[in-house]
Novice: 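There's a structure below that I have some questions on.
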Amino acid sequence: MAEAPFSPRPDRSSGLVRAGLLVASALGAGLLLQLLLGSNGIDAADFAAALPLLLRGLGLTVFISVVSVLLGSLLGAGLLAGLLQPWGSLKTGIWAFCIAFRGTPAIAQLYLIYYGAGEIHGLLRDAHLWWFFREPLNCVIFTFTLNSAAYQTRIIHGALVNLPREQTDAAQSLGLSRSVTLVRILLPQALLTALRPLGNEVAKVAKASSVASLVTVLDLLGTAKYLVGQSLDFGFYILAAMLYVLLVGGIRLAVDAIERRLTRHLPPVG
Amino acid sequence: MLQVLQFGAGGWGGELAAGLVVTLALAASALPLGLASGLALAFATHSRRAWLRESSAAFAGAFRGIPELLTLFLVYIGGQRLINLALPLLGLGGRFEFSGFLAGTVTLGLVFGAYASEVFLGVLRTLDGSSLEAARALGLGRWPVLRFIVLPELFRLGLPGLSNQWLSTVKQSALVSVVACDELLRRSYLAATSTGDHILFYGVACLAYIAITTASEAALAAWHRRLSRGRSRG
């Protein structure tokens, strides 16, 4: 499916108001649920002890998503370069990779890589790769790098092929070479269109990487799970949910700000 | 080696096929809940009343921000507690217990609704124009306008977005394996742990997911082309 063209620019004034509303509603909803559900509530001492752990978990979640999306964009750039070559079998292979990683659940990908690496650990040891796959965290980052590369390739490729044909014609009539046309003319425009989907990609990986908690990684959800297991107090899940909402909201606001900055020169849309 | 995939005794083929059916049932039963909550949230967010607008936007935003796996825990554990708190207040006795399947349906439905509301809202905002004016000029009342103009347009123009969300729902249904619902991934997990053939079973599960997603993508695209026949693009 084609990606949407330029999305309408958000209202300039509303960023801070929205941020405030976001924080307030997350806190309000969290406290309300806490009162209703927390069997006896989390007392101040528990909270003070748990907060650093949860924040460390949040840090790990941010680390996993940033590293995976960055490595994914490097791999995605390679895949995109492959897609622009005239070799049919290479293209087919890259599309098959994209279909495989976009068509399956991230949790199944992680299980395949994590438990699969355990199954063939003899082979991996002989190939001197076992030190890498032995660590659950590495398996998580490996999985989401491949996963994100598949999505990012599709996003950028979609933005690129949807650019007006005249852009290429104009560049060629100026005598620019194919690679200069791609790097200096087409990609900057495509990346601008792709900015919002790419921002959503970071937010998506931040959320989806919570399956890391299923393979013993203490990311934000893993930490909350551990705390609930220790204290039997459900409230830690609610705290984690609030932190995730703030994280995803923060990513959204950052993307809005970057988009405003980068589209200053364009007339307002809509 | 492929013997373990046989149907019947000694093979896991039947188990996996049954899991595939549960996966499809999970995603399909979340769909009506998701469409209904998505429509309700979109109309609420489109309302003239500020409190309704802000609270429904915050509700949908929260479910778009919380990881689906955590939403599942919140529904499975928290939802059960909420309902058990409410039962005595309603004068009902007994204890309510969520099955993994039901908790999965509710979770997938809520998440679908939160994203679908964004899709519907986008269409609603483009719709506030000539077609509605034309309908009012014809003297159509509030309900006929909704039934014959707004809803069909919502589905036609929203279909690409809803299709994407359906594909996400199919994939998210794998998370429900965590709360002991015997869908495809959980049965693959059980088969993989009891035979040790992890790569084989997760590979087969992944192929099944690819088959579902590519088949539904093709079917939905064909449906969208059919709905858009005789109309200009856009």
Side-chain angles (χ1 to χ4, degrees), chain A residues 1-2 4 8 18 21-22 24-26 28-30 33 36-39 61 99-120 203-204 206-211 213-214 220-221 224-225 228 234 237-238 240-242 244-249 251-252, chain B residues 23 54-55 57-59 61-71 73-74 77-79 81-82 85-86 122 125 160-161 163-164 167-168 170-175 177-178 184-185 188-189 192-193 196-203 205-214 217 220-221 224:
Chain A
M1 235 151 281
R18 293 213 156 258
L21 269 175
L22 192 79
S25 52
L33 275 170
L36 278 169
L37 296 172
S39 39
T61 289
I99 289 174
F101 273 91
R102 287 164 38 93
T104 51
I107 180 179
Q109 296 162 11
L110 179 61
Y111 281 7
L112 180 61
I113 287 168
Y114 176 74
Y115 293 111
E119 186 184 333
I120 55 164
K204 203 197 70 191
K207 285 167 54 186
S209 66
S210 60
V211 293
S213 63
L214 301 173
L220 179 50
L221 183 53
K225 221 169 140 185
V228 171
F234 181 73
Y237 279 143
I238 296 170
M242 288 160 57
Y244 273 113
V245 170
L246 291 178
L247 175 62
V248 171
I251 295 172
R252 286 261 155 85
Chain B
T23 287
E54 293 300 333
S55 56
F59 182 85
F63 281 102
R64 285 198 300 268
I66 303 174
E68 292 77 20
L69 185 58
L70 180 50
T71 308
F73 291 156
L74 292 178
I77 307 171
R81 284 202 195 161
L82 268 185
L85 279 176
R125 283 182 181 146
S163 304
N164 280 340
L167 298 178
S168 301
V170 169
K171 288 181 270 173
Q172 284 157 11
S173 73
L175 296 172
S177 61
V178 172
L184 180 57
L185 187 66
S188 311
Y189 176 85
T193 35
D197 294 328
H198 299 275
I199 295 178
L200 176 69
F201 279 107
Y202 293 129
C206 283
L207 286 179
Y209 282 110
I210 291 173
I212 307 175
T213 46
T214 40
E217 206 169 5
L220 287 164
H224 185 240

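All chains are named by letter (A, B, ...) in the order of the sequence lines, taking the proteins before the strands, and each is independently numbered beginning at 1.
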Novice: Examine whether an atom of A/Leu220 lies under 4.5 Å from a heavy atom of chain B, and if so say whether it belongs to the side chain, the backbone or both; otherwise answer neither.
Specialist: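 No part of it gets close to chain B.
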Novice: For B/His198 versus A/Glu119, what's the shortest heavy-atom pair and its separation?
Specialist: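 In this case the closest contact between B/His198 and A/Glu119 is N-OE1, 2.7 Å.
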Novice: Using a cut-off of under 4.5 Å for heavy-atom pairs, which of B/Ser173, B/Gly196, B/Ala208 has the most such pairs with chain A?
Specialist: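 Looking at each of B/Ser173, B/Gly196, B/Ala208 in turn, B/Gly196 comes out on top.
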Novice: B/Tyr189 versus chain A, heavy atoms under 4.5 Å apart: side chain, backbone, both or neither?
Specialist: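 Side chain only.
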Novice: Given that the side chain runs from C-beta out, which part of A/Ser209 has a heavy atom under 4.5 Å from chain B: side chain, backbone, both or neither?
Specialist: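 Looking at A/Ser209, nothing touches chain B.
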Novice: Nearest heavy-atom pair of B/Pro67 and A/Tyr244: which atoms, and what distance?
Specialist: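 Heavy-atom minimum between the residues: CD-CG, 3.4 Å.
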Novice: Checking heavy atoms, do the side chain of B/Val170, its backbone, both or neither come under 4.5 Å from chain A?
Specialist: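 No part of B/Val170 comes within 4.5 Å of chain A.
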Novice: How many angstroms lie between atom NZ of A/Lys207 and atom CD1 of B/Ile66, to the nearest 0.5 angstrom?
Specialist: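 Going from NZ on A/Lys207 over to CD1 on B/Ile66, the span is 9.0 Å.
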Novice: For B/Phe73, give me all partners under ring pair (Phe, Tyr, Trp, His ring centres under 6.0 Å), at least two apart in sequence or on another chain.
Specialist: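 For B/Phe73, the residues satisfying ring pair (Phe, Tyr, Trp, His ring centres under 6.0 Å) (neighbours in sequence not counted) are A/Tyr237.
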Novice: Given heavy-atom pairs under 4.5 angstrom as the criterion, report whether the side chain, backbone, both or neither of A/Ile120 touches chain B.
Specialist: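 Only the side chain of A/Ile120 comes within 4.5 Å of chain B.
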Novice: Between A/Ala100 and chain B, which part of the residue has a heavy atom less than 4.5 Å away: side chain, backbone, both or neither?
Specialist: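 Both the backbone and the side chain of A/Ala100 come within 4.5 Å of chain B.
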Novice: What part of A/Leu221 lies closer than 4.5 angstrom to a heavy atom of chain B: side chain, backbone, both or neither?
Specialist: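 The side chain, not the backbone.
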Novice: Can you tell which part of B/Ala174 gets under 4.5 Å to a heavy atom of chain A, answering side chain, backbone, both or neither?
Specialist: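 Both parts, backbone and side chain.
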Novice: Heavy-atom pairs under 4.5 Å with chain B: which of A/Ala203, A/Ser210, A/Ala240 has the most?
Specialist: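 Greatest number of close heavy-atom pairs with chain B: A/Ser210.
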Novice: For B/Leu185 versus A/Ala108, what's the shortest heavy-atom pair and its separation?
Specialist: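 B/Leu185 and A/Ala108 have their closest heavy atoms at CD1-CB, 3.9 Å.
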Novice: Non-hydrogen atoms of chain B under 4.5 Å away: do they reach the side chain of A/Lys225, the backbone, both or neither?
Specialist: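 Only the side chain of A/Lys225 comes within 4.5 Å of chain B.
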Novice: Between A/Leu112 and B/Cys206, which heavy-atom pair has the shortest distance, and what is it?
Specialist: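 Heavy atoms only, the tightest pair is CD2-SG, 4.5 Å.
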Novice: OH/A/Tyr111 to CZ/B/Phe201 distance, rounded to the nearest 0.5 angstrom?
Specialist: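 Going from the OH atom of A/Tyr111 to the CZ atom of B/Phe201 covers 16.0 Å.
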Novice: For the residue pair A/Leu214 and B/Leu69, establish whether any side-chain heavy-atom pair is separated by less than 4.5 Å.
Specialist: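 Yes. Closest side-chain heavy atoms under 4.5 Å.
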Novice: At their closest point, which heavy atom of B/Lys171 faces which heavy atom of A/Gly103, and how far apart are they?
Specialist: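 Scanning both residues, the minimum pair turns out to be CD-C, 4.1 Å.
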Novice: Could you work out, with side chain to side chain donor-acceptor pair (under 3.5 Å) as the rule, every residue matching B/Thr71, not counting sequence neighbours?
Specialist: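 Listed in chain order: nothing, the list is empty.
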Novice: Quick one: CD1 on B/Ile212 to OG1 on A/Thr104, what's the gap to the nearest 0.5 Å?
Specialist: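 Those atoms lie 11.5 Å apart.
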Novice: Below 4.5 Å from any heavy atom of chain A, which atoms of B/Ser168 appear? Answer side chain, backbone, both or neither.
Specialist: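 Contact with chain A is absent: no heavy atom of B/Ser168 under 4.5 Å.
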Novice: Under a 4.5 Å heavy-atom cut-off, does chain B meet the side chain of A/Ala241, its backbone, both or neither?
Specialist: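 Its backbone and side chain both get close to chain B.
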Novice: With side chains defined as the heavy atoms from C-beta onward, is the minimum distance between A/Ile107 and B/Val178 less than 4.5 Å?
Specialist: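 Counting from C-beta outward, A/Ile107 and B/Val178 do come under 4.5 Å.
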Novice: If I measure from the heavy atoms of chain A, does B/Leu167 come under 4.5 Å with its side chain, its backbone, both, or neither?
Specialist: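 B/Leu167 has no heavy atom closer than 4.5 Å to chain A.
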